[in-house]
Amino acid sequence: MSKSHMLALFSDFDQASEAIRDLKSSNFEGFKLDDVTLKSPIEHPEIEELLGKRPVYVRIFTFFGALFVPLLGFLFVASSQATFLLQPKGGKPVIPLPPNFVLTYEFFILGGVYMTVLGFFISAKLPMKRNKLYNARVSEDQIGILIKAEDAIMPAIKDLFTRHNPLEIMGGDN
Amino acid sequence: MSITNLLNNWSFYRQKRPYQGQYDLNRQYSEYKWAMALDLDICTGCNACTTACYAENNLPVVGKKRFNQGHVMHWIRIERYWDENMGEFPEQGASFLPMMCQQCEEAPCETVCPVGATSHTNDGLNSQNYHRCVGSRYCSVNCPYKVRYFNFWNYPSTAWPAPLPDQLNPDVTVRTKGIMEKCTFCVQRLNEAKSRARTEYRLVRDGEVVPACVQACPTSAITFGNIVDPKSKVAMMWKNQQVDLYKDMQEKDNSVRGYRILEDLRPFPSVMYLERVRDMEA
Amino acid sequence: MGRVREGRVLKMEGNPESKISGGKICGLGQAAVQVQYNPDRLTQPMMRVGDSLQPVSWDKAMALLEEKTGPKSGINGNEFAFMTGAMSGHLKVLVQNYLDSLGSKNHFVYEALSPAVSFAANKQIYGVDMPRLHFDKAKLILSFGSDFLGTGASPVHFAKEYAKFRKAPRGTLIQIEPKMTMTGANADRWIPIIPGTEGVLALGVANQLLKHDDFSKTVPADIVNLVGKYDLDTVSSITSVRSDLIGHLAGLLWEKSPSLVISGASVEGHVHGVQNAAAIQILNRILGNVGKTVDGQAQSPFPQLAPATGSFASLKAMNDGMGAGTYKAVFIYGANPVFTTPSFMGFRDNLRKVPFKVAFVNAVDETAEECDLVLPIYTAVEDFGSHVAWYQPEGVEITMQQPLMDKLYSDTRSMGDIMLDLVKQRRADEYKAWPNFFSYLKTAVTNIKPAVKYTDTDEHFWYDTLSHGVIHVDAPQQQIAENFSTEMLDLPTTVNSPDPKFPFYLIPSERHYFRDGRHANCGWLQESPDPLTTVVWDSWAEIHPKTAASMGIHEGDYLEVSSQNGTIKVKAYLFPGIHPDAISIPLGQGHESLGRFAKGVGVNPFKILNPVFEKNTGELAMFGTRVSVKRTGQSEIVVKDEGPVSTQMGRKLVVTLPADVAQLSKEI
Amino acid sequence: MVNTYEETEVAVEKRFVPKPLDINADIAWAKINKDILRSLERPRPIFWVIFIASFALFLVGVSCEVYQYQTGLGVANLNNPQVWGLYIATFIWWIGMGHSGTLLSALLHIMHADWRKPIYRYSEAMTTFTLLTAALFVLVHLGRIWQFYYVVAYPNERWTWPNFQSPLVWDATAIGTYLTSSLLFLYIGMIPDLAICRDNAIGIRKKLYTFMSLGWMGTDRQWANFRVTYLTLACFLMPLAVSVHSIVSTDFAASQQPGYHITSFPPYFVAGAIYSGLAVIITLFIVLRYTFRFEEYMTMPILEKLAKLTFAAGMVWTYLNLIEYATTWYGNDMYAKQALIYRATGPFAPEWWMMNFLGSVLPFALTFKRVRASIPVMLFMSIFINFGMWLERWMIISPTLAHGIYPWTWDDDQWPSFVQWGIVAGSFGWFNMLFMLYCKIFPSVSMYEVKEMLHERRFFKSTNVATARDPAINPDLAVEGGLAS
């Protein structure tokens, strides 16, 4: 059984969410809600709610970045100071804590930011190749619903979409 | 650069330095702590020390225009102050103050250098590494005595028209533009004396080596030596004047003349001055 | 002494074996290397062609010398004059011998700042040129204008003595002078006084002392009577010193015995300079200091080596001779009279009248510019020589000068060699044993051997001498007399009314590194701040702030300082250490030649000095000129090390401790 | 518990009181794209005139720097007490301006103040470029600029490291962190807009946007990650921005120089930074609004809000400034007090009083509605406030260095030379060039966020007011049996 993609474009967000509600309540064979992807010009937390909880791993990266980078940073600073014994500063120990704390703080931010960005790229699977079923209008003012389903149920889904006045339905022909 | 190194020697690295007792005759690396005592009562303000310093340390003659711009490079300068409550005439004469790098034990300049070009030597000197210096001039900002001099010009190419370069001291580098310099207590002389002493399995004897200013001073107003050696003249003078290297407020008798300049800022300078004396009944 | 590396002398240092310097050195001595490596040093002989000096070879130069002054030139001794700066040692002997060979007596020794008046006064009073002064034995030094720390005989030596004087029990220094000198700046009490009235003040103090029987018996009655004229009010009105201070000084002198009273250039540079000095010296007599703190120097066993210190009289004689067209040839060595003579002398014009003028120099100065032949000689660090200082604290010290390096320029020659060649022009036979000055000096120095009771061989003695750099000769002390007469003390008792056209006393002050300006071409000295004003690279006029305020003068304003003999334009510096009626301009700057570091820097106050002479000796009265001061309206920053404030602004930088609190005896 | 329909209606209205509109809610989304993408089109000739003028100004700075590089810092007429001069003063000024962009964006984002949305993009870009400009001064002021990499901690065979105790190294670390983090913040926030650009561009620009938008398709997964990431970054950037300028202030506060050694310096610097940053945001706001005809996005209510915020920041700064004087005065430390008196009465007095006037008195004009509503007046105000803040930095640097602890080295008369002025002028050229290029390559107003702003409006106005009446969603309305209708 082969699977194919279909993208429906809506100009009315309410219709799009209705379409998703319908998809959710329909019981197509072998169709999972996970196969539905929403493409929109802005974020739609209210529609995402309908699609169910989809995991976001960014915070884990942030946590480890903010935890371990400052630690490593402190060790880096302290150990480089310890190897630079030839240059003692009058009145200060080789490893002075106040300046190192300042630097550790900067490393904390640095680690948090960098790991968050890294986590974003990984979790959102960026950079990615755009699939063919992309319409430039989703970046403008329309909302797209992309589904991946077996060819067999494609016509039924197409019908479902058509009920909600889509502007255009792409793909799903084979 | 390993964590084991950090952990094993943590208390060593956390120790404030120079730590009490670092300067000790029995220690391998800190047998010396160079210090000075400068008697303002017999300093006549004659500038012989300044000229000697020019000769010894290859200080450039900057000329009138640059002197006016504040680009003069005298590592030791003689300041002349009038008394604040002077009447019509300075009846008690002038106050002369030779001011050079005070080689502070807790030098404010050292901590602020971004590249570590100025740091503390094991002899208790405040060293300046010309090669490392990038010229941020932060040390000069933080020096309370303002005894650090920045090379605002490329003096090697202008200050010594031929054949004046023949006079340059080969033991001392000629500093290029863009770096900071200051009095070193004539470290080239000290190092030579130290290595000479080391080849003879002994320590440098008191009076064996002195900086150029001390050598030139016609009134011998400056005493220089190794303060670690309790028998050295300078150590005896410090003790006699009740000045302790590691105190910021000296508890001393009224009649004792020793003091250090701007002690309250806690840089712990290595130069002790002896108060100017005036016969108030004259 | 000096430090040499790779055949180059790098730094001058004091000779620790010298009893004079004790291993110390002043900035002027340090600057010898800058004379050596001066970028404007003369490197080859120059000969006048038309209006300019052109390089020539030594052969040509010597041929010209031979032609003009050699035996065949037919020049006779009276037609020849040799002007030198102060000189001593064997070169002086050689110069003397050359003049002898020519049959000339015209050796004119000239120093612009010579101690001639002081010598004359000492000669009259003590019978010697210069007594020995024991600073360390004195409890009080009362100095009338003697800047022994800055200028004078040997600042290095006196600074050393001064340091001893300040150690426990600390002596008190009182300085009385119109303009604060370095010594004044170090005094416990500095008292400003109208220039030239120091003698009157001294007599005023003497008068106070002589009121007591203890002192009145020390001097003859006629002197007591004479001094009696100088009562407090008279003295105070003449000198501008408060009358209570006069009594105070007398009290101090009584209290602190033994004391030492000395006089200096600003006392002696007046019409009655000798009387001034004598009036001051009588205090030593009254206080019984003679024999305690004032003593005789050692009697030198080598009078031919003794220093000739120069005088204005000899300059005048030569100037007159040149003006009259007496001389056909003039040699000048170690002096720059065109620069240092006042314009009223017309020295430059007179010099131009001489058909053949030769200068021996390191660098072309104003005088050399006028000469027909300029010969480049070795500097002090390239040449052999011997010197005897005119102030000898212990025994007699002959300082040996020896080359620290090979000659820097192949076309320079030793002054001694040239002199030897010149002597050989006429006395070739007598001097044939010595191919050069070195061999002459070696022989001559070796002859001293018996005097120092050296027992080894001549060769050893020579090398021993060279390695020590000095020869100490124990010599018996000179006996000093004490001759005071009323004539010597006869000073005016009336107030010196100022000339309304020239209301200010001009003090041409001697700067400690510049002296008469011969080393103004050393960058180090130019950049070494004047100790009191901290001005560099310039001339300035010191004026009291009170006077300046009344005239609307601010620091940096250009002033026109005019005497009868000329005007100079100089920047004002407000200086509290000067008498309000005086204005002081330092000497040594204002060169028109002498190379890049000196030329065009500052002004030359020598030029505006008036023809006022010390009446006993005929010396120029340097401090006798009156000037007027006018604002020009122009202004420029005074280049100085001092910042916008000149006090410590409440900081504890230099702390002053009262002497009665300090316990110097407990110090190390 | 409410029971009647009327009560319910009142409750609904209470809960969803419409906020005053910052932006017209009826703009078509496609028009937003069109309007903003228009700003990326081929520029008018005047653009090139200004660009070339900026480039010329930059070249002036470059030639001054080349001259200084060749000759030494003496040509800048710096001297031994006054070692820093305009370079460090202008450095702090630029870096301070960079604070408002990111700090404001992050802060307002966290607080869901949606009026930030049309203005944050260019502000963040401004932050990045001011940081890049400020970094130039760090290099320019070095005596040996060719050795600047000694300040960077890089491993080397000699085991030499920078001195981590030096506030300058903290500075370098903090600014490096801030520069890269703001750049990432700017970039991440720009990705959806880059996708829009990609969808509308052709040729080489298409390639650039395709590369930079990383294949953004606006899928729900991407948006969900994006939302979390953006908020997290904002949470990091806010303390970072505060820490950066505090650390810059430790260059001074951690030294012994009287006039620098002041406890209140960190907040004082941060306040000054926000203040001058807001002023420059207003300047750029007006310039962009005029140039790109963004009147519909950069609306007067937003300018008004900015003006109020500027006034608030100005008052914080004024307070900290006055408290600095007061503590110095009552602290009665001789050195600091003399330095303060010197600033107010010495040779720098005209600049000092002008700084206080421009920084503390002038912003009171912002309390007038008519001032806030007038674009030319606001332009004038923002520029003068920034000039005042530049004077403030100069007054921190030069008079203080001229008048340290040690009286002998005080120095009254050292006016910056043409080299210093030339380099300062060149920095404006450099910033202008960068910012102009940015505005022509990247959208200077966030398209997707403006849409979000409109969407929220509509959400509350229509659909969701209805949703809000749904008792399942609005617990206030949860009455037995539902709504009586």
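Each chain gets a letter, A, B and so on, in the order its sequence line appears, and its residues count up from 1. Note that the structure is predicted; figures quoted are calculated from it, not measured.
Taking 4.5 Å as the limit, some side-chain heavy atom of C:Leu245 sits within range of a side-chain heavy atom of C:Arg189.
B:Asp83 has a carboxylate O that lies under 4.0 Å from a charged side-chain N of B:Arg276, or vice versa, which qualifies the two as a salt bridge. No salt bridge links B:Asp206 with B:Lys233; every basic N to acidic carboxylate O contact stays at or beyond 4.0 Å.
Looking at B:Cys49, neither its backbone nor its side chain comes within 4.5 Å of chain C, counting heavy atoms on both sides. Interface remark: B:Tyr54 contributes backbone and side-chain atoms alike to the contact with chain C (heavy atom separation under 4.5 Å). Heavy-atom distances place the side chain of B:Met86, and not its backbone, under 4.5 Å from chain C. If you measure heavy-atom distances from B:Val214 to chain C, the contacts under 4.5 Å come from the backbone alone. In this structure, chain C has heavy atoms under 4.5 Å from both the backbone and the side chain of B:Leu164. B:Gln241 touches chain C through its side chain: at least one heavy atom from C-beta onward sits under 4.5 Å away, while N, CA, C and O do not. Interface remark: B:Arg260 contributes no atoms to any contact with chain C (heavy atom separation under 4.5 Å). Interface remark: B:Pro98 contributes no atoms to any contact with chain C (heavy atom separation under 4.5 Å). B:Thr50 does not touch chain C: none of its heavy atoms, backbone or side chain, sits under 4.5 Å away. For B:Glu88, the parts sitting under 4.5 Å from any heavy atom of chain C are the backbone and the side chain alike. Interface remark: B:Ala216 contributes backbone and side-chain atoms alike to the contact with chain C (heavy atom separation under 4.5 Å).
Taking chain B as the reference chain and counting heavy-atom pairs below 4.5 Å, the highest number among C:Asp538, C:Asp660, C:Val645, C:Thr534 is found for C:Asp538. Comparing B:Ser95, B:Cys46, B:Ala159, B:Gly70 by heavy-atom pairs within less than 4.5 Å of chain C, the highest count is held by B:Cys46. With chain B as the partner, the residue from C:Ala187, C:Gly523, C:Ala662, C:Gly643 showing the most heavy-atom pairs under 4.5 Å is C:Ala187.
Checked against a 6.0 Å centroid threshold, the rings of B:Phe96 and B:Tyr81 do not count as neighbours. Ring centroids of C:Trp537 and B:Phe67 are separated by 6.0 Å or more, keeping the two rings apart. Side-chain rings of B:Phe185 and B:Trp75 stay apart, their centers remaining 6.0 Å or farther from each other.
For the 3.5 Å distance criterion, the side chains of B:Tyr149 and B:Arg77 qualify, holding a donor opposite an acceptor.
Enclosure of atom NZ in C:Lys599 is not indicated, since only 12 or fewer non-hydrogen atoms of other residues, nucleotides or ligands lie within 6.0 angstrom.
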